[in-house]
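One structure below.
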Amino acid sequence: MAIHLLPENMVDLSAITTDEVYLPSLQQQQSTVHVLRLDKMDAIISGNKWFKLQYYLAEAKRSGKKNIVSFGGPYSNHLVAVACAAARAGFSSKGFVRGEAPAVKSPTLRDAESFGMQLHFLSRASYNQKNDPTFIDELLKEYPETCLVPEGGAGDLGKRGAADIWNWIPPGAFTHVLCAVGTGTLLLGLASVPTRTETLIGIPVLKGFGNWINEQVIPRPIAAAVIDGYHFGGYAKKNTALLAFMNEWYRATGIPTDFVYTGKLFFALQDLAQKAYFPEKSRLLVIHSGGLQGNRSLGANSLVF
């Protein structure tokens, strides 16, 4: 599939950096930690969102589709990224939003509309059918020439795009790669490349993962683990301890995080380091998957960045 079908410079991949940070608990073990700053590549199609969307957009171009359709909540990083990416690539877009239409739309939904996305609100019961083929067929009857992107950019094309992130991770440079887990697309995409030997660690940001990783097809010799217990009550849940950590992390490292994904990821990193979870002389890479726009739902002065 030819990515060159898409307009050039849709995002600035040259802006991605790998920044070293210092955790005393790791330094004592002669270990290091770096952060892959995918959040720097674009303010809207942020972090891993571009990687998960790129092959859907390229396939839509190749097959002559005109519309991009996807699903998300009222503060969905994915939904606004789809709206922006579709507009830049010359598509129209439609977003099916979880929940009844609010009296006042979230900043995320207003941004999506500003990129031309038509919003259609679904009850939670209807939204929960988003993976049912019959339900999807009914939704799309009035939208011909449509490319459907699953929620969060999941699916085979999303995983293929996530696997491209390895191009920014030199072989042998790190022993462990850590990422947040929502749909699991990023983790599974990384795990789909059997030539890599890094240990993959996923931190779920929502409840219910359990033994999920054991049910996935992970090629050998990739080692992948999911470490639960850092979701702070569930998806998009937060408390004062998490927000305080995000502020402390920013003061110490200069790296902003969001409370849905990366705040929980870096909290888990620090906690696991303090518990000596990683072997001595480990070389850790943490993937910053962007999504900072979601912080706009927080009250004023909640964060120092």
Side-chain angles (χ1 to χ4, degrees), residues 1-3 5-7 10-11 38 41-42 44-99 108-109 111-122 126-165 180-189 192 235 260-261 289-291 293-294:
M1 192 177 299
I3 297 302
L5 290 170
L6 301 176
M10 286 190 64
V11 295
L38 300 184
M41 58 192 278
D42 197 85
I44 302 165
I45 314 173
S46 178
N48 64 340
K49 297 296 179 288
W50 165 250
F51 289 95
K52 292 191 291 183
L53 287 174
Q54 59 177 330
Y55 289 108
Y56 283 107
L57 296 173
E59 171 60 15
K61 280 285 188 186
R62 186 197 65 78
S63 57
K65 299 292 193 299
K66 298 184 183 302
N67 310 297
I68 306 294
V69 170
S70 198
F71 295 84
Y75 284 94
S76 168
N77 296 320
H78 167 73
L79 209 57
V80 72
V82 167
C84 182
R88 291 182 188 178
F91 297 102
S92 63
S93 64
K94 186 173 185 69
F96 291 102
V97 186
R98 182 184 66 249
T108 303
L109 295 183
D111 281 352
E113 285 186 318
S114 75
F115 296 117
M117 176 174 274
Q118 297 179 9
L119 302 179
H120 183 82
F121 294 87
L122 299 175
S126 294
Y127 191 88
N128 288 338
Q129 300 180 67
K130 63 184 179 293
N131 296 320
D132 179 82
T134 302
F135 179 74
I136 295 299
D137 287 344
E138 286 297 315
L139 281 182
L140 297 182
K141 274 183 178 178
E142 58 184 289
Y143 307 108
E145 300 179 312
T146 288
C147 171
L148 176 66
V149 179
E151 183 181 37
D156 290 341
L157 292 179
K159 287 187 284 187
R160 178 182 172 186
D164 284 353
I165 293 171
V181 176
T183 63
T185 307
L186 172 56
L187 181 65
L188 292 178
S192 70
Y235 185 72
V260 180
Y261 294 98
S289 54
Q293 68 87 26

Could you tell me which non-hydrogen atom of I44 sits nearest to which non-hydrogen atom of V80, and how far apart they are?
CG2-O, 4.0 Å
Under 3.5 Å: donor-acceptor pair, side chain of [X], backbone of [Y]:
X: T146; Y: L148; value: no
X: K52; Y: G152; value: yes
X: N48; Y: G290; value: no

Taking the side chain as everything from C-beta on, heavy atoms only, tell me whether F91 gets closer than 4.5 Å to K61.
yes
Spatial distance of atom CD (E145) from atom OG (S92) [nearest 0.5 Å]
9.5 Å
For [X], which residues count as a salt bridge (charged side-chain N to carboxylate O under 4.0 Å, His left out) partner, sequence neighbours excluded?
X: K130; value: E151
X: D156; value: K159
X: E113; value: K105
X: R98; value: none

Under the side-chain contact (heavy atoms from CB on, under 4.5 Å) test, which residues partner S192, sequence neighbours left out?
A163
With sequence neighbours excluded, tell me which residues meet ring pair (Phe, Tyr, Trp, His ring centres under 6.0 Å) with F71.
F96, Y127
I'd like to know if the side chain of D164 pairs up with that of Y55 as donor and acceptor (distance under 3.5 Å, no hydrogens or angles considered).
yes
